[in-house]
Amino acid sequence: MNSYDLQGVDVTIHQVKKKYDKREVLKGLDLQIKEGEFVAIVGKSGCGKSTLLRLVAGLENMNDGSIKLDGTPLNGLNKQARMMFQDGRLLPWKRVMDNVCLGLSSDAKNRAMQAITQVGLKERIHDYPSKLSGGQKQRVALARALVHDPSLLLLDEPLGALDALTRLEMQRLIESLWLERKFTSILVTHDVEEAVAISDRVILIEDGKVTLNQPIHLTRPRQRTNPAFSMYVEEILARIMNRKSKKNYSMLVNTEMESLFDPVNN
Amino acid sequence: MSWSGAIPERILPAPSQIIQAGIDLTITGELSEHMGISLWRALVGFLIGGIAGFVFGLLNGVFRFADLIFDTSIQMLRNIPHLALIPLVIMWFGIGESSKVFLVALGVLFPVYINTYHGIKSIDKKLIEMGKAYGLNGKELFFQIILPGAMSSILVGIRFSLGVMWLTLIVAETISAQSGIGYMAMNAREFMQMDVIVLSIIIYALFGKISDMIARYFEGKLLKWNN
Ligand SMILES: Nc1ncnc2c1ncn2[C@@H]1O[C@H](COP(=O)(O)OP(=O)(O)OP(=O)(O)O)[C@@H](O)[C@H]1O
Ligand SMILES: [Mg+2]
C-alpha cells in the first residue's frame with residue numbers, strides 16, 4: 001500500500017490579470033499545467049512570479065481571469081496546494097517537529113515523523129530552527145509542505161539562498177519526492193540551470209505574460225554534462241536576455257532538440 | 001564605616017542596627033504587616049494594569065477598527081505622567097487602598113500596552129501569510145503565530161512596568177498612606193529612626209530585585225527558542 005497514491009492536479013490559468021494600485025503586474029497570463037507535471041518559471045526580478053504563485057495558492061485575489069483546478073474554479077484558499085518560500089518561514093518558536101505539524105490535526109504525529117525522516121532530519125526533531133543550517137531549514141520547510149500530501153506543490157525560489165552543493169542536493173531531493181508522489185509542481189527560480197535540471201517545462205514570464213514555453217525533453221536523471229542540457233540552458237538564457245543564441249547548434253543532431261524552437265503552447 | 005564611627009549614626013546607621021531594627025519590627029509583627037500590604041498593593045495594581053494594557057494592546061494590535069478608535073486616545077493619555085495625578089487620585093479615592101492600587105495600575109498599564117501593541121504590529125507579515133497558506137484559522141493564527149511572535153516585546157514591557165510599579169508604590173505610600181513600607185519609612189522619619197528608614201529602602205530594593213528575577217525566569221522559559 002502506497003500512502004501517496006494521491007495524484008497531482010490539473011491547473012488551468014486563463015487570462016489572469018493582477019494589479020497593485022495602478023501598476024498591472026500580470027496582464028492576461030495563460031498557462032496550462034497537466035496533472036503531475038513539473039513546471040519551472042523563470043523571469044526577471046519583479047516580473048510577477050511570486051504574485052502568480054500567491055494567486056494559485058489562493059492567498060490573493062486576481063483582478064480578472066480564472067484559475068481552475070481539475071476544471072473547478074479556485075475560490076479562496078487553495079486547499080490542495082502547499083507553498084514553500086524562499087525564506088523558509090519556519091516559526092522560530094517551534095521545534096522542528098512542531099513546525100512540520102503546523103496545521104495538522106494532533107493525531108498526525110506519525111506522518112510528520114515520516115516526512116521529517118524523508119528529508120533526512122530525524123535526529124533534529126527537537127531542535128529549534130535557529131540551530132539549523134540554511135539547507136536544513138529548507139528541508140524542514142519541504143517536510144512541512146509535503147506532510148499535507150498536496151496535489152500541487154508551489155516552490156517560490158526555495159533554494160535561492162543556499163550554496164551550490166546544498167542546492168544540488170535539495171534539487172535531487174525534491175525531484176525524487178516528486179517522482180515518488182507525482183504531485184503537480186510549479187517551481188519559481190532565478191537559476192535557469194536548475195529549471196532545466198528539474199522541470200518538464202520551462203516558462204518565461206515577461207511583461208505580465210508567458211513569452212516562452214519550453215518543454216525539456218531530457219531523460220532523468222539528468223546529466224548537466226550532456227551537451228543538450230547546456231543547449232537548453234543557453235537558449236533559455238538567450239531568450240531572457242532578448243537575443244538569439246549566438247552559437248549555431250544546427251550541427252548537433254539530437255532528437256531531444258526538436259521541440260526547442262517550437263512556438264509557444266505546443 | 002558607620003561601625004567605625006567614620007559616618008555619624010544620624011547620617012547612616014551601622015548594619016547591625018539595621019538588622020536589629022528588622023528583628024524588633026519582626027517581633028512586633030509590624031514588618032510583616034507593612035510588607036504584606038505593600039506586596040498586596042503592588043500585585044493587585046500590577047494585575048489590573050497589566051491585564052488592561054495587555055488586552056488593549058492585543059485588541060488594537062490585531063483589529064484595525066479598535067486601533068483606529070482607541071490607539072490615539074491611549075497615546076495621548078500616555079503623555080500625562082501618572083504621578084502628577086496623585087492629588088486628583090486622592091480627591092477621587094481618598095487615601096485608602098484604591099488610590100494606591102489605581103496609581104500602580106495606571107503606571108503599569110502604559111508600558112505593557114505599548115509593548116504589546118508594537119510587538120503585534122511588528123510581527124513578520126510573511127509568517128502570517130504562511131500560516132494562512134497552511135490553513136490556520138483565526139484562533140490558531142493568534143496562538144501559534146501572533147502571540148508567540150509578540151512575546152519578547154510583551155515581556156520587555158512587563159519587566160519595564162515592574163520598575164514603574166515599585167516606583168509608583170514608593171511615591172504613593174510615602175505621600176499618602178497609613179500602612180506599607182513607604183509609610184513605615186515616613187513614620188520612622190518623625191521619630192528619627194534612621195535604621196528603620198534604611199531598612200525600608202533595603203526592602204524596596206529587595207522587592208525590585210526579586211520581581212525582576214521572576215520576570216527574567218519567565219523570559220528565559222518563554223523565549224527559550226531565541227538563544
Ligand atoms: N503586496 C504588494 N503590494 C504592492 N505591490 C506589490 C505587492 N506584491 C508585489 N508587488 C509588485 O508586483 C511586482 C511583482 O512582484 P513579485 O514579487 O511577483 O515579483 P517576482 O517576479 O517574484 O520578483 P523576484 O524574482 O524578485 O522575487 C513588483 O513590481 C512588486 O513591486
Ligand atoms: Mg519573488
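Naming convention: chains lettered A, B, ... in sequence-line order (proteins, then strands); numbering from 1 in each chain.
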Crowding at NE2, A:H14 (>12 non-hydrogen neighbours, <6.0 Å): no

Can you find a pair of side-chain heavy atoms, one from B:Y134 and one from A:R144, that are under 4.5 Å apart? yes

Taking side chain as everything from C-beta outward and backbone as N, CA, C, O, which of these in A:D127 sits under 4.5 Å from a heavy atom of chain B? Side chain, backbone, both or neither. neither

Considering residues, nucleotides and ligands other than A:N75, do more than 12 of their heavy atoms fall under 6.0 Å from its CG? no

So, for A:L77 and B:K132, which heavy atoms are closest and what is the spacing to 0.1 Å? CD2-O, 3.3 Å

Verify the neighbour count for atom NZ of B:K125: are there more than 12 heavy atoms of other residues, nucleotides or ligands below 6.0 Å? yes

Would you compute the distance between atom CG of A:L102 and atom CD of B:Q144 and round it to the nearest 0.5 angstrom? 5.5 Å

Is the shortest heavy-atom distance from the side chain of A:R95 to the side chain of B:K224 under 4.5 Å? yes

Around A:Y20, counting heavy atoms of other residues, nucleotides and ligands shown, do more than 12 lie under 6.0 Å from its OH? yes

Note: vs chain B, highest number of non-hydrogen pairs under 4.5 angstrom among A:G58, A:A81, A:P92 is A:P92

Within 6.0 angstrom of A:K94 NZ, more than 12 heavy atoms from elsewhere: yes

I'd like to verify something: which residue of B:G131, B:G135, B:G149 has the highest number of heavy-atom pairs under 4.5 Å with chain A? B:G149

So for B:E129, is it side chain, backbone, both, or neither that comes closer than 4.5 Å to the heavy atoms of chain A? both

Got a donor-acceptor contact below 3.5 angstrom from the A:W93 side chain to the B:I145 backbone? no

If you measure from CE on B:M130 to CG on A:L90, what distance do you get to the nearest 0.5 Å? 7.5 Å

Evaluate whether atom CZ of A:F85 has more than 12 neighbouring non-hydrogen atoms of other residues, nucleotides or ligands under 6.0 angstrom away. yes

Is A:K79 in contact with chain B via its backbone, its side chain, both, or neither, using a 4.5 Å heavy-atom distance? neither

Donor-acceptor pair, distance only, cut-off 3.5 Å: does the side chain of A:R82 make one with the backbone of B:A133? yes

Can you tell me if B:N79 has over 12 outside heavy atoms packed within less than 6.0 Å of its CG? yes

Counting only heavy atoms not in B:F93, do more than 12 fall under 6.0 Å of its CZ? yes

